[in-house]
Structure formats: structure tokens, C-alpha cells
Amino acid sequence: MSGIRMKEQIFDTIRHLDENRIVSDEELKELLTTQNEKAIDELLKRARNKALKQFGNKIFIRGLIEISNYCWNDCFYCGIRHGNEKVERYRLTREEILSCCEQGYQLGFRTFVMQSGEDSYWRGKRMEELVSTIRRKYPDCAITLSLGEMTKEMYQRLYDAGANRYLLRHETAEKSHYEKLHPKELSFEQRRQCLLNLREIGFQVGSGFMVGSPYQKLDYLIRDLRFLWELQPHMIGIGPFLSHKDTPFADKENGSLERTVRLIAILRLMFPKSLIPATTALGTIASDGRERGILAGANVVMPNLSPQKDRKKYMLYDNKIATGEEAAEGLERLKERIKAIGYEIITARGDFVS
Ligand code: SAM
């Protein structure tokens, strides 16, 4: 095929993705690898317009509370893995978490996201009680959990206690890759089963993956997109893999900003209504990473509401940002930055609307 035909064809592919939400695997690969600057601009522009059409220039905020960095898992990529003995472990008390919610509520947050390592303390009855207390105190807020894998029964109890949303990245849709990122105790099938269980229970479900995780291949990314297509999650979180010096992947190369942004654009065209955050990892890899994510179709930011004394301890990767515009107390500055690119932060709960 001549160079000119090829050039034109990629614009057809982008238009097709925009209009039909799905293209072939080969076309997805082409979109991920093309060096054609005009085509990349067109992809980002169409994704941006898709988000503008769906959400206007409004960006939802979520208050992130990192409730514990204890973890019994040993994911090879993660800075708070069990085997990292250098981590100063902490777990927030019930009062500290409630005070984060109170501070967040005053600042205008209407979604609280509680995330942690897999910690037996913030599980079971104790977590259920915490969720129901937050539900009673803030009936107008959404409660999002990101606490890892649990039995279906436990997920059900948290849902019944008042949690609305659950974030659990599938990490990779290729089994052999999953096994290179995790120790043998963790199972690819179980991760997927958890997502199906969450969905069946009625949670708004978020999934996603790291971009550029060690051993990732182009084919695996296509599989990730196909997996998400089958799951049709309400939220999709992706961010670049960033290495942590005290993990087995200390020497692995970081994921790419450009590829992450391009994937956000593809995801936006595939999932026009999904809530797609400009993640902390994106804001860490480049100072304007969040803005670039928004300009490629992301529509959520998640500033950190955790107590300042503990923030540096939830270090999933080196140099993870936790202050300034990333933090709840820097909200005004974040608003200004978002305004500078033509968008506005709003305090609405921002549920998925089908
Ligand atoms: N324990 C819960 C779980 O497994 O879902 C929630 C906490 S876990 C630390 C949250 C996410 O952080 C993971 O799903 C993973 O994708 C991301 N993460 C961990 N280490 C990372 C790294 N080195 N670079 C980028 N993202 C990372």
C-alpha cells in the first residue's frame, strides 16, 4: 500500500472509532504506534470533543483517602508490597478517616475514595461499620472503595452498608503477563472474578491497567482494550507504570506519558460515557500530565485528602506526588490550572449516567 493511502487510512480509522466506538485489533495497533503527528492530533481532538459533548467542560473531583499502606500482597511493581521492609507502615484510625471526610466535604468533595493495601484491619465488620457511618453522615456523597480482592459476600456487605463504587484494576488481560507481575499466590482468574462479582452486586465498577508495565507487549494492550469492552466498566483508570526503588522492578523502565495519553483518547472514543481520571501517576510522570490527560478526554481528578503526615508513606512508586495541586488543600490552585486549559472543576457527585 502506498504511503499516502496509509496516511489517509489512519484518519478513516479514527473517524470510524469516533462514530462506531470499535475498530479492528490491527487498527488499534496502528493507532497506538503511528508516528503521524497529524493523526495523533486528530485522535486527541476527537476524544476531547467526545468528552466535551458528554460532560461539557466540567471535571469531576474525588477525594482520595489512603487509609492504610499495610499489604499482605507482594505485587512485584508496587512500593507498598509486603516484602518491602523499608516502608514505614501506617493505618488511619476511624476518627482520622472521618475527619478527612469532614475536611473534604467542607472543600466541596461529594465522592470519597477509600483506598488501601490489602489490610486485614480495614476489612470485614470494621470496614462495614465505617462505610455505614460515612453513609449516614453524608447521604449526598458517593462512597468509592479500592481495597483489593475480597469474597463476593464481603463485597455485598460493603455495598449493603452504603458503598456505591469499587475500583479494581485488572492490571493486565494477558494471563502470562499477569503472572510476571504478581507472585503465584495471586490469580488472574480470581481478579477477573472479583470484577464480575462487583458488577453483579450492583457497584459502579472501575477497572484499568498500568501502561508500560514490565513485559507488556502491544498485543497485551489490545487485549486490555478488548477486556474492558467486554466488562463495560463505569470507570477506567490507567496510568504509566513508574518504578519504585525497593521493588523487584526497581530497574525497569517507566511507562510512557505519550502512550498513556493516547490510550486515554482511544478509551474515551470507545467508552464515551465512562468516568476516566487523569491519574496521580500521570501527574507524577509530567508536571502537566493531568492537563494532557484532560485534553485527551479524561474527566475526573482525584486530589489527595489523606492526612499530610502519612501521605509520603503511601509511596506506590518513586516521587509519587502528594502535595500542591495534587492535595485537597491545593484545590484552589488545581482549579486555576484546570481553568487555564478551559475546564471547570465541579463538586457534583458525578455518577455514571447510562
Ligand atoms: N490494594 C488495592 C488493589 O490492589 O486494587 C488498591 C491499592 S493498589 C496500590 C492501586 C493501584 O496502584 C494498582 O491497581 C496498580 O495499578 C497501581 N500501582 C501500584 N504500583 C504502581 C507502580 N509502580 N506504578 C504505577 N501504578 C502502580
Side-chain angles (χ1 to χ4, degrees), residues 62 64-84 87 89 91 113-123 127 144-150 154-155 158 165-173 177-178 181-183 185-188 190-195 197-198 203 205-216 224 228 233 235-257 259-260 263 277-286 289 302 304 306 311 313-322:
R62 322 295 198 199
L64 178 63
I65 312 172
E66 293 159 340
I67 63 176
S68 166
N69 71 354
Y70 280 87
C71 193
W72 64 61
N73 280 345
D74 238 343
C75 309
F76 300 141
Y77 45 84
C78 185
I80 62 168
R81 65 198 297 268
H82 180 73
N84 183 3
V87 179
R89 302 284 169 180
R91 88 172 38 101
V113 182
M114 281 172 277
Q115 192 183 87
S116 80
E118 320 250 339
D119 179 10
S120 54
Y121 185 90
W122 279 123
R123 293 219 153 194
M127 192 67 209
T144 305
L145 302 176
S146 177
L147 309 172
E149 297 176 19
M150 292 180 199
M154 197 54 237
Y155 284 144
L158 293 171
R165 308 179 185 149
Y166 205 101
L167 307 178
L168 187 79
R169 289 182 173 180
H170 66 278
E171 311 295 2
T172 170
H177 186 215
Y178 193 90
L181 301 179
H182 301 96
E185 295 74 35
L186 290 175
S187 122
F188 173 74
Q190 173 148 333
R191 193 85 179 169
R192 294 167 83 124
Q193 189 57 51
C194 283
L195 283 163
N197 290 346
L198 287 162
F203 277 100
V205 175
S207 197
F209 55 90
M210 288 176 286
V211 180
S213 55
Y215 314 109
Q216 187 174 67
D224 286 322
L228 291 171
M235 301 160 283
I236 304 172
I238 65 165
F241 159 76
L242 298 170
S243 69
H244 186 293
K245 61 181 177 10
D246 301 315
T247 63
F249 289 167
D251 298 328
K252 303 288 186 202
E253 207 177 307
N254 285 342
S256 129
L257 167 69
R259 179 162 274 190
T260 308
L263 272 159
T279 53
T280 309
L282 195 56
T284 298
I285 198 171
M302 297 169 69
N304 200 316
S306 311
R311 267 186 219 157
K313 300 177 200 158
Y314 200 84
M315 202 49 74
L316 305 182
Y317 39 81
D318 292 338
N319 307 314
K320 175 170 168 268
I321 49 173

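These numbers come from the heavy atoms of this one structure, side chains and all, not from hydrogens, waters or symmetry mates. Atoms within each ligand, like the ligands themselves, are counted from 1 in listed order.
Annotation: salt bridge (charged side-chain N to carboxylate O under 4.0 Å, His left out) contacts involving residues 64-81, sequence neighbours excluded, comprise Glu66-Lys320, Asp74-Arg81.
For atom 11 (C) of ligand 1, the nearest protein heavy atom lies 4.0 Å or farther away.
For atom 27 (C) of ligand 1, the nearest non-hydrogen atom of the protein is Met210 SD, 3.6 Å. At the shortest separation from atom 17 (C) of ligand 1 among protein heavy atoms lies Arg169 NH1, 3.8 Å. Protein heavy atom in closest approach to atom 23 (N) of ligand 1: Leu242 O, 2.7 Å. Summary of contacts: the protein heavy atom closest to atom 13 (C) of ligand 1 is Glu171 OE2, 3.3 Å. Nearest protein neighbour of atom 20 (N) of ligand 1, counting heavy atoms only, is Tyr77 CD1, 3.4 Å.
Per-residue contacts place Leu168 under 4.0 angstrom from the following atoms of ligand 1 (heavy atoms of the residue considered): 5 (O). Residue-ligand proximity, Ser146 to ligand 1, at heavy-atom distances under 4.0 Å covers atoms 6 (C). Set against the non-hydrogen atoms of Arg191, the atoms of ligand 1 under 4.0 Å away are 3 (C), 4 (O), 5 (O). Listed by atom number, the atoms of ligand 1 under 4.0 Å from Tyr317 heavy atoms are 21 (C), 22 (C), 23 (N), 24 (N), 25 (C).
Taken to the nearest 0.5 Å, the SG atom of Cys78 stands 8.5 Å off from the CE atom of Met210. A distance of 7.0 Å separates CD in Gln216 from CZ in Arg259, rounded to the nearest 0.5 Å. Atom CZ of Phe249 is separated from atom CZ of Phe76 by 6.5 Å, given to the nearest 0.5 angstrom. Rounding to the nearest 0.5 Å gives a distance of 11.5 Å between NE2 of His82 and CH2 of Trp72.
Heavy atoms of Tyr314 come nearer than 4.0 angstrom to ligand 1 in at least one pair.
When heavy-atom distances to ligand 1 are checked against a 4.0 Å cut-off, Cys75 has no atom that comes that close, whether in backbone or side chain. In His244, neither the side chain nor the backbone holds a heavy atom less than 4.0 Å from any atom of ligand 1. Using a 4.0 Å cut-off between heavy atoms, Asn73 makes no contact with ligand 1 at all.
Counting heavy atoms from C-beta on, the side chains of Ile321 and Thr280 come closer than 4.5 Å.
When atom types are taken as modelled, the side chain of Ser116 and the backbone of Leu147 share no donor-acceptor pair closer than 3.5 angstrom. Between the side chain of Asp246 and the main chain of Gly79, no donor-acceptor pair closer than 3.5 Å is present.
Ring to ring, Tyr155 and Tyr166 are close: their centroids are under 6.0 angstrom apart. The aromatic ring centres of His170 and Phe188 sit 6.0 Å or more apart.
Taking each of Leu316, Leu147, Leu167 in turn, the one with a heavy atom nearest to atom 9 (C) of ligand 1 proves to be Leu316. Across the listed options Ala281, Pro240, Gly239, Pro240 owns the non-hydrogen atom lying nearest to atom 25 (C) of ligand 1. Proximity annotation for atom 7 (C) of ligand 1: of Ser116, Cys194, Gly117, Ser116 comes nearest, heavy atoms only.
Of all heavy-atom pairs spanning Arg169 and Arg191, the tightest one is O-NE, 2.8 Å.
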